[in-house]
Amino acid sequence: MIRAVFYSKNETYFGFKISGHAEYGCCGKDVICAGVSALVINTVNSIEEFTEDSVVTEECEDGLVRFKIIGNVSQESKLLLKTLRLGLCSIYEEYGDKYIQIFFREVSHV
């Protein structure tokens, strides 16, 4: 199962952690993993390419991705992170919590 956690402070997303595998289909044919991967990679690449935000990204071979914006979050990054949330929630609505779970954590300090 894929587990996505979005982190926010003062109702502004500043990072996320994605881990696991959907196991919806066999390796190379898992449309849920492919969709989640495309959304996550595009979000990280877009924030790095199109904003001045300082970011920390950790990617591991086992499907774990941690992403965090350090300091102020630009309007562009706010929109891109909301877009990631929308895409992941759409996958959740289509396939259910057997394959993907999404959590939202409001933190008091970063």
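No chain of hydrophobic side-chain contacts below 4.5 Å, direct or via other Ile, Leu, Val, Met, Phe, Trp or Tyr residues, connects I41 to L39. In the hydrophobic clustering of ILVMFWY residues, with side-chain heavy atoms under 4.5 Å counting as a link, V31 and I102 come out together. Linking ILVMFWY residues whenever their side-chain heavy atoms come closer than 4.5 Å, directly or via other members, places Y13 and V107 in the same cluster. Both I100 and F103 sit in one connected hydrophobic cluster of ILVMFWY residues. Membership requires side-chain heavy atoms under 4.5 Å apart, directly or through other members. Both V65 and F104 belong to a single network of hydrophobic side chains, linked directly or stepwise wherever heavy atoms of I, L, V, M, F, W or Y lie under 4.5 Å apart.
Within 6.0 Å of OH in Y24 there are 12 or fewer heavy atoms belonging to other residues, nucleotides or ligands. Counting non-hydrogen atoms of neighbouring residues, nucleotides and ligands closer than 6.0 angstrom, the CD atom of E58 exceeds 12 such neighbours. Counting heavy-atom neighbours within 6.0 Å of N42 CG, excluding the residue itself, gives a total above 12.
One finds the CZ atom of F16 at 8.5 Å from the CG atom of L88 (value rounded to the nearest 0.5 Å). Rounded to the nearest 0.5 angstrom, L80 CG and R85 CZ are separated by 13.0 Å. To the nearest 0.5 Å, atoms CD (E76) and CD1 (I47) are separated by 10.0 Å. Rounding to the nearest 0.5 Å places CG of D53 at 10.0 Å from NZ of K78. Considering NZ of K68 and OG of S54, their distance stands at 12.0 Å, rounded to 0.5 Å. Here the OG atom belonging to S77 is positioned 6.5 Å from the CZ atom belonging to F67, to the nearest 0.5 angstrom.
Closest approach of R105 to V5, counting heavy atoms only: CG-CG1, 3.6 Å. In this structure, A22 and I32 approach most closely via the heavy-atom pair CB-CG2, 3.6 Å. When all heavy atoms of E23 and D30 are compared, the closest pair comes out as N-OD2, 3.0 Å. The heavy-atom pair separating I91 from G35 by the smallest distance is CD1-C, 4.1 Å. Summarising the geometry of L64 relative to K17, their closest heavy-atom pair is CD1-CG, 3.7 Å, with the distance given to 0.1 Å. Heavy-atom minimum distance, E106 versus S8: OE1-OG, 2.6 Å.
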Going through the distances and angles, do I69 and Y7 end up as a side-chain contact (heavy atoms from CB on, under 4.5 Å)? CA-CA 10 Å; I69 296 174; Y7 298 100; over 6 Å; no

Go through the steps for T43 and T83 under the test side-chain contact (heavy atoms from CB on, under 4.5 Å), then give the verdict. CA-CA 8 Å; T43 299; T83 301; over 6 Å; no

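Looking at heavy atoms from C-beta onward, V55 lies out of side-chain contact with V44 at the 4.5 angstrom threshold. Using a 4.5 Å heavy-atom threshold, the side chains of I2 and Y99 count as separate.
Taking E11 as the reference, nothing meets the salt bridge (charged side-chain N to carboxylate O under 4.0 Å, His left out) condition, with sequence neighbours excluded.
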